[in-house]
Protein chains: 2
Amino acid sequence: MSRVAGKSGPYHHGDLRAALVAQGLEIARSEGPSALSLREVTRRAGVSPAAAYRHFRDRAALMSALGREIQELMAKRMRARSDAPTGGAVASADGTQHGPVEAAERAQAALRRLRGVGLGYIEFAVDEPGWFELAFFGESARPDEASPADRPVATAGPAGQARLEEVPPFAELLAALEDCVTSGALSARRRAGAEFSCWSAVHGCAELMVHGPLRGADPRVVRAVAERVVDDIISGIRG
Amino acid sequence: MSRVAGKSGPYHHGDLRAALVAQGLEIARSEGPSALSLREVTRRAGVSPAAAYRHFRDRAALMSALGREIQELMAKRMRARSDAPTGGAVASADGTQHGPVEAAERAQAALRRLRGVGLGYIEFAVDEPGWFELAFFGESARPDEASPADRPVATAGPAGQARLEEVPPFAELLAALEDCVTSGALSARRRAGAEFSCWSAVHGCAELMVHGPLRGADPRVVRAVAERVVDDIISGIRG
DNA sequence: ACACGGATGTTATTTATGTTCACATTCACC
DNA sequence: GGTGAATGTGAACATAAATAACATCCGTGT
């Protein structure tokens, strides 16, 4: 049969890999990652379990792909939450002199951006706990990574683990921190290592709200705690 | 046969529940939590898989028990790391007046203790990643909890979730924070909500080192980052 | 046109796991 | 000693991951 659409679709799916990822995202979002089996994904995609192995080395590789997808969504959310970048680097490179008032404003804007990055991260985790739980799945797994197909040869870093800049939410943080430095909100000395403090606080807070004792707490409490944590760590890295 | 020790031990194990927990801890420590199946635990305990169900409602309940056990170990480590408490509450309650120098010393000691609590938490995670991963397993699970046997009726809080003071590592943090307040190292206003900031930063840092990009990094780097994170958040909560 | 090879899906099988059920053994207590 | 509850056994069922052998489709070169 060429394509008798009577019951089962055409033998070839078209873009199964994308379909599997899409179904995986939906399962993780609604049922949670514990309900996310390779078989269930293929079931929903209307395909046999073994078909998935044409696109992913194993279950872990599927999870990694989902994780990367979710990281992109997180970064998007963080960008939206932190408004537009202040463009500090450009302004400081054009040689124009600014008055102290404008400089202070730029620094404030950079700090707001940093704050938005952190709050966006936490908000994403709270709004999409199923996704959040999956986002960093692959980081603990071996460097199996993608399917036999799309392996761009030298994707991985020194020991086969993703470099920080390649984790989209982390990249947002790094950018925001740079902005703080160029705008003068953060001294170069204080900058070193600040990304770890920021990420720690914000990620830990998200965990607290998704898995920890703040799970299911009043949204106003959640928001207040998130703001407190973010403000504390920003205050902390500035000394 | 009453007890022909020839091959299999006596029909009744003695204290199987404890044995299962012990084996579970060992597996998690060496092989990692992913290797931790109910069957493997019973296998190592020399008992049939079904036997476990006399002591735990299901696999998740076993995991919860392991988690609680590990939390105790963590707290022990944190206590060791943070030396002795400063006894601030006692000193401030006995009516004795202290000079400004002694007060400052007490405050410093309280801050050192808080620092030790944080660093102890992180060190535990780095030294025992398998255990750390399991420590808070049950927090996301439903309130299944213990075996049909030992259910002390009203263990759980409002919605069936453990209260903060009942999580041993968290209790250490709370105690250290109180110490900071009574010693004057932390104002009462700043105290409110500080436990969330502290826990977030420290737990997030631990995650960074166990699952995240700092996994397997040079111990000196790990130590430096840990100290930086802890110092930043302590600085942050003090304003 | 058409044969061929690689990519993609399928069915069947293997091994492992969580869980339950009916049954066996042992312990504690009367 | 006898009896019931606690505890352990063995067999079974459902599901999952992974692999192998086979089927189908697609593009491509002649």
Side-chain angles (χ1 to χ4, degrees), chain A residues 1-5 7-21 23-24 27 31-66 137 141-142 144 146-151, chain B residues 1-21 23-24 27-28 31-66 137 141-142 144 146-151:
Chain A
M1 54 170 124
S2 61
R3 49 185 61 199
V4 182
K7 182 182 179 179
S8 57
Y11 196 98
H12 278 187
H13 183 284
D15 189 355
L16 197 112
R17 184 186 165 99
L20 293 176
V21 169
Q23 298 296 336
I27 295 172
E31 251 79 8
S34 59
L36 220 175
S37 68
L38 191 152
R39 292 179 101 92
E40 178 62 23
V41 173
T42 58
R43 215 172 286 141
R44 294 206 191 186
V47 104
S48 80
Y53 290 87
R54 298 294 178 194
H55 300 272
F56 301 97
R57 150 189 288 261
D58 56 10
R59 180 179 183 278
L62 208 204
M63 297 303 196
S64 278
L66 291 175
F137 173 90
R142 15 270 169 291
D144 288 331
S147 78
D150 63 5
R151 193 152 1 174
Chain B
M1 56 174 120
S2 61
R3 48 185 60 199
V4 182
K7 181 181 180 180
S8 58
Y11 197 98
H12 276 187
H13 183 285
D15 190 355
L16 197 111
R17 182 185 165 99
L20 293 175
V21 168
Q23 297 297 336
I27 295 171
E31 251 79 7
S34 59
L36 220 175
S37 68
L38 190 153
R39 289 180 105 99
E40 178 63 22
V41 173
T42 58
R43 213 172 288 139
R44 295 206 190 186
V47 102
S48 79
Y53 289 87
R54 298 295 179 193
H55 300 271
F56 301 97
R57 151 188 287 260
D58 57 11
R59 180 179 182 279
L62 207 204
M63 297 303 195
S64 277
L66 291 175
F137 173 90
R142 11 270 170 294
D144 287 334
S147 79
D150 62 4
R151 190 149 6 170

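Chain identifiers are assigned alphabetically (A, B, ...) following the order of the sequence lines, protein sequences preceding nucleic acid strands; residue numbering begins at 1 within each chain.
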Peer 1: Under a 3.5 Å distance rule, please check whether B/Arg59 uses its side chain to pair with a backbone N or O of B/Leu38 as donor and acceptor.
Peer 2: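 Not a single qualifying donor-acceptor pair exists.
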Peer 1: What's the shortest heavy-atom distance between B/Ala60 and B/Phe137, and which atoms?
Peer 2: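 Smallest heavy-atom distance, with atoms named: O-CE2, 3.8 Å.
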Peer 1: Which residues pass the side-chain contact (heavy atoms from CB on, under 4.5 Å) test with A/Ser48, sequence neighbours left out?
Peer 2: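 Residues passing side-chain contact (heavy atoms from CB on, under 4.5 Å) with A/Ser48: A/Ala50, A/Ala51.
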Peer 1: Identify which nucleotide among D/dG10, D/dA18, D/dA16 has an atom closest to any side-chain atom of B/Ser48, counting heavy atoms from C-beta outward.
Peer 2: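 Nearest to the side chain of B/Ser48 among the choices is D/dG10.
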Peer 1: Once side-chain contact (heavy atoms from CB on, under 4.5 Å) is applied, do any residues pair with A/Ala35, and if so which ones, sequence neighbours excluded?
Peer 2: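 For A/Ala35, the residues satisfying side-chain contact (heavy atoms from CB on, under 4.5 Å) (neighbours in sequence not counted) are A/Ile27, A/Glu31.
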Peer 1: If you check every side-chain atom of A/Val47, which of D/dG8, C/dG9, D/dA17 has the closest atom?
Peer 2: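 Looking only at heavy atoms from C-beta outward on A/Val47, the closest nucleotide is C/dG9.
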Peer 1: Determine the minimum heavy-atom distance between B/Phe56 and B/Val21, stating which atoms define it.
Peer 2: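 Heavy atoms only, the tightest pair is CZ-CG2, 4.0 Å.
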Peer 1: Between atom CZ in B/Arg43 and atom P in D/dG10, what is the gap in whole Å?
Peer 2: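 From B/Arg43 CZ to D/dG10 P: 14 Å.
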Peer 1: Check whether any side-chain nitrogen or oxygen of A/His55 sits under 4.0 Å from OP1 or OP2 of C/dG9, and answer yes or no.
Peer 2: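 Answer yes for this pair, as a side-chain N or O of A/His55 is under 4.0 Å from OP1 or OP2.
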Peer 1: Measure from CZ on B/Arg59 to P on C/dT17 and round the result to the nearest Å.
Peer 2: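 Nearest whole value for this atom pair: 10 Å.
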Peer 1: Does any non-hydrogen side-chain atom of B/Leu16 lie less than 4.5 Å from one of B/His55?
Peer 2: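 A side-chain contact exists here, since the closest heavy-atom pair is under 4.5 Å.
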Peer 1: What are the residues of residues 31-42 of chain B, sorted by number, that bring a heavy atom to within less than 4.0 Å of DNA chain D?
Peer 2: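 Under 4.0 Å from DNA chain D: no residue of residues 31-42 of chain B.
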Peer 1: Side-chain N or O of A/Arg57 versus OP1/OP2 of D/dA17: is the shortest distance under 4.0 Å?
Peer 2: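 Indeed not, no polar side-chain atom of A/Arg57 lies that close.
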Peer 1: Rounded to whole Å, how long is the line connecting atom OH of A/Tyr53 with atom C1' of C/dT14?
Peer 2: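 These atoms are roughly 13 Å apart.
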Peer 1: Taking side-chain contact (heavy atoms from CB on, under 4.5 Å) as the definition, give me every residue that meets it alongside A/Arg43, ordered by chain and number, with sequence neighbours left out.
Peer 2: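 Applying side-chain contact (heavy atoms from CB on, under 4.5 Å) to A/Arg43 gives A/Arg39, A/Glu40.
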Peer 1: Would you kindly give the CZ-to-C1' distance between A/Phe56 and C/dG9, to the nearest whole Å?
Peer 2: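 Distance check: A/Phe56 CZ to C/dG9 C1' gives 15 Å.
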Peer 1: Expressed as a whole number of angstroms, how long is the span from A/Asp58:CG to D/dA17:P?
Peer 2: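 Between P of D/dA17 and CG of A/Asp58: 10 Å.
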Peer 1: For A/Ala45, enumerate each residue passing the side-chain contact (heavy atoms from CB on, under 4.5 Å) test, keeping only those at least two apart in sequence or located in another chain.
Peer 2: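 For A/Ala45, the residues satisfying side-chain contact (heavy atoms from CB on, under 4.5 Å) (neighbours in sequence not counted) are A/Leu20, A/Gln23.
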Peer 1: Please find the pair of heavy atoms, one from A/Gly24 and one from A/Val41, that lie closest to each other, and give the distance.
Peer 2: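 Minimum heavy-atom contact is CA-CG2, 4.1 Å.
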Peer 1: Considering only nitrogen or oxygen atoms on both sides, find all protein atoms under 3.5 Å from nucleotides 21-24 of chain C and state each distance.
Peer 2:
residue: C/dA24; atom: N3; partner: B/Tyr11; partner atom: OH; Å: 3.0

